[in-house]
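This report refers to the structure that appears directly beneath it.
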2 protein chains.
Amino acid sequence: MPSDINPGLLPLVRKLETVFRLTPEEQKALTHLPVHFRELPADQDIVRVGDRPSQCCLLLEGFVHRYEDVGDGRRQIVSFHIAGDIPDLLSLHLPVMDHNVGTLARSKVGFVSHQSLRALIANHPRIGDACWRDTLIDAAVFRQWMVGMGRRDAHARIAHLFCELFVRMRTVGLAEGNSIQVPLTQGTIADALGLSQVHVNRVVQALRSDGLITWRARVLTIDDWPTLQKVGEFDPTYLHVVDEAA
Amino acid sequence: MPSDINPGLLPLVRKLETVFRLTPEEQKALTHLPVHFRELPADQDIVRVGDRPSQCCLLLEGFVHRYEDVGDGRRQIVSFHIAGDIPDLLSLHLPVMDHNVGTLARSKVGFVSHQSLRALIANHPRIGDACWRDTLIDAAVFRQWMVGMGRRDAHARIAHLFCELFVRMRTVGLAEGNSIQVPLTQGTIADALGLSQVHVNRVVQALRSDGLITWRARVLTIDDWPTLQKVGEFDPTYLHVVDEAA
DNA sequence: CGATACGTTGACGGAAATCAACCCCGGTGG
DNA sequence: CCACCGGGGTTGATTTCCGTCAACGTATCG
């Protein structure tokens, strides 16, 4: 690691390096982006439907979700984001937000103007490609959730989500053994998978009593990975992870 | 329109121009891509799960869908594509296909090597941006389908799909008045929306008898746009259409 | 003109929603 | 120190969409 790296954006470097090694120049350019750092509390919106952002939000620590409100207090969460993600990268090319982005837990973020990002990408096309690629993986995750909501029952959906979160967090070094820290509630999971909170509760209990997972105090532990994977019909190909300790 | 435009790729030009006007040079570069044209029959796969394509497929006429098979003969369709779309553009950055792409009707397509596309984008960054933007709109459509499957009942889902198809086809000039030609069957719609074919049938009949649509012989007519839109909770913002005759 | 794919209809069953309590636990303030 | 509070989790009873199964109708095409 070169000496003139600004450490604030390391999670981002780490994330992009899950695709290919960045050159020292690229690392430098990336970490020297003009960033406005902020700590945000849990459950705070970052951008909302209808907004026309002029900056993107780099998630450095914490947990973010994207969601859409539908009538009658119901809502659908469309994605979860972890350190290294840029949850609203799409605002670089789509002027109007069609969904909300908000924290799920206390989070540390960095705001970068579209202008700076565009300049970075213009000067370092490989970084642009990596960002594009990242939005494509985002879309791949959407597709998997669609398959789940369309054609899998609640057991498979929940097991699949747990598998996905675990693999994604392990990839960027956020797993400790078979455990990950997730600030999710059963209600949150319900809103993500198109289920009711009550039903999520029953299924989670089943997964627990079948010995597949432990989940207490925001810590999720995968106790039986092969079976959980089978129950969730989880095939990590769609995440296009390069390392693969799996 | 400059005189040295190769007319074979006009649907693509038209599609990209729904974002911004292309310069004559850009038009020329685009339409002079080395393309291998082909006519494909209905229900033929173009790329399959696990493939590592070295080319992309430009859809010039017809209808394409992307889908994933899940166990037991079930499947989930994740998107429909019309003239001007590049259904497998993602293969430019994701080496392995995580879903299938296939025709739904007789279609005319053009194959372009990744190499040529990369060169085009390198020389004409705006075209690259337009392509990236297009994959982002793809993802926006995924999100809407997720909201539908997670939080909307069958009536709303089907109405929403009809609205979406109509707006998308009108945008590229494929609507005739309030009608569009769609090669979809009720079973196809079921696989797209996470429903059974039988239930789609019942709901479509309800939409018909409520005077919202007519649908016969592959022609779908919107008879009551305001009500259909309301039933489907359809807000076209997510399609990020520039023109807006809506 | 029969094969085949698509659409239609009815009876029945089931996964999950809804409704309504109740419990548990950590935080907080009197 | 304990009462209170509130968010999250748990449980049971009931309801509802929607799936499944099965049959039959209908249209298009070789």
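The chains referred to below are lettered A, B, ... by the order of the sequence lines, with proteins before strands, and numbering in each begins at 1.
B:S91 contributes a side-chain N or O that, together with a main-chain N or O of B:D88, makes up a donor-acceptor pair within less than 3.5 Å.
Nearest heavy atoms, A:N100 versus A:E68: ND2-CA, 4.2 Å. The nearest pair of heavy atoms linking B:L60 to B:V109 is CD1-C, 4.0 Å. Residue A:A190 comes nearest to A:S196 through the heavy atom pair CB-C, 3.6 Å, listed as atom of the first residue, atom of the second, then distance.
Between A:D85 and A:R66 there is no salt bridge, since no side-chain N of the basic residue sits under 4.0 Å from a carboxylate O of the acidic one.
Taking CG of A:L89 as the start and CG of A:L58 as the end, the distance is 9.0 Å to the nearest 0.5 Å.
Between C:dT18 and A:Q197, no contact under 4.0 Å exists linking OP1 or OP2 to a side-chain N or O. Between B:R208 and C:dT8 there is a side-chain N or O to OP1 or OP2 distance below 4.0 Å. For the pair A:Q205 and D:dG9, the criterion of a side-chain N or O lying under 4.0 Å from OP1 or OP2 is not met. Contact between the side-chain N/O atoms of B:R152 and the OP1/OP2 oxygens of D:dC18 is not found at any separation under 4.0 Å. OP1 and OP2 of C:dA15 both lie 4.0 Å or more from every side-chain N or O belonging to A:R151. Phosphate contact (OP1/OP2 of D:dT10, side-chain N/O of A:N201, threshold under 4.0 Å): present.
Rounded to whole Å, atom C1' of C:dT18 lies 14 Å from atom CG of A:L195. D:dT16 atom P lies 16 Å from atom NE2 of B:H155, rounded to whole Å. Between B:L193 atom CG and D:dC17 atom P there is a gap of 18 Å when expressed in whole angstrom units. The distance from atom CD of A:Q186 to atom C1' of D:dG7 is 12 Å, rounded to the nearest whole Å. When rounded to the nearest whole Å, the span between CD1 of B:I189 and P of D:dC18 equals 15 Å. Following rounding to the nearest Å, B:Q76 (CD) and D:dG19 (P) show an atom-to-atom distance of 12 Å.
Both A:A154 and B:T185 sit near DNA chain C, but only B:T185 has its closest nucleotide nearer the 5' end.
If one axis is set at each end of the helix from C:dC1-D:dG30 to C:dG30-D:dC1 from five pairs, those axes are 30° apart, to 10°.
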Going 5' to 3' through nucleotides 21-30 of chain D, assign each nucleotide B (protein heavy atom under 4.0 Å from a base atom), S (under 4.0 Å only from sugar-phosphate atoms) or - (no protein heavy atom that close).
-> B---------

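Looking at A:N201 and A:Q205, their side chains come closer than 4.5 Å, going by heavy atoms from C-beta outward. For the pair A:Q186/A:R202, no side-chain contact is recorded, criterion being any heavy-atom separation below 4.5 Å from C-beta on. Annotation: side chain of A:F234 is in contact with side chain of A:L239 (closest heavy-atom distance under 4.5 Å).
A:S196 comes within 4.0 angstrom of a base, heavy atoms only. In this structure, A:D153 reaches the sugar-phosphate backbone alone: every heavy-atom distance under 4.0 Å involves primed, P, OP1 or OP2 atoms, never a base.
Of the candidate nucleotides C:dA16, D:dG19, D:dG9, D:dG19 has the atom lying nearest to any side-chain atom of B:H199.
Taking the six-membered ring wherever Trp is involved, the centroid distance between the rings of A:H160 and A:Y238 falls below 6.0 Å.
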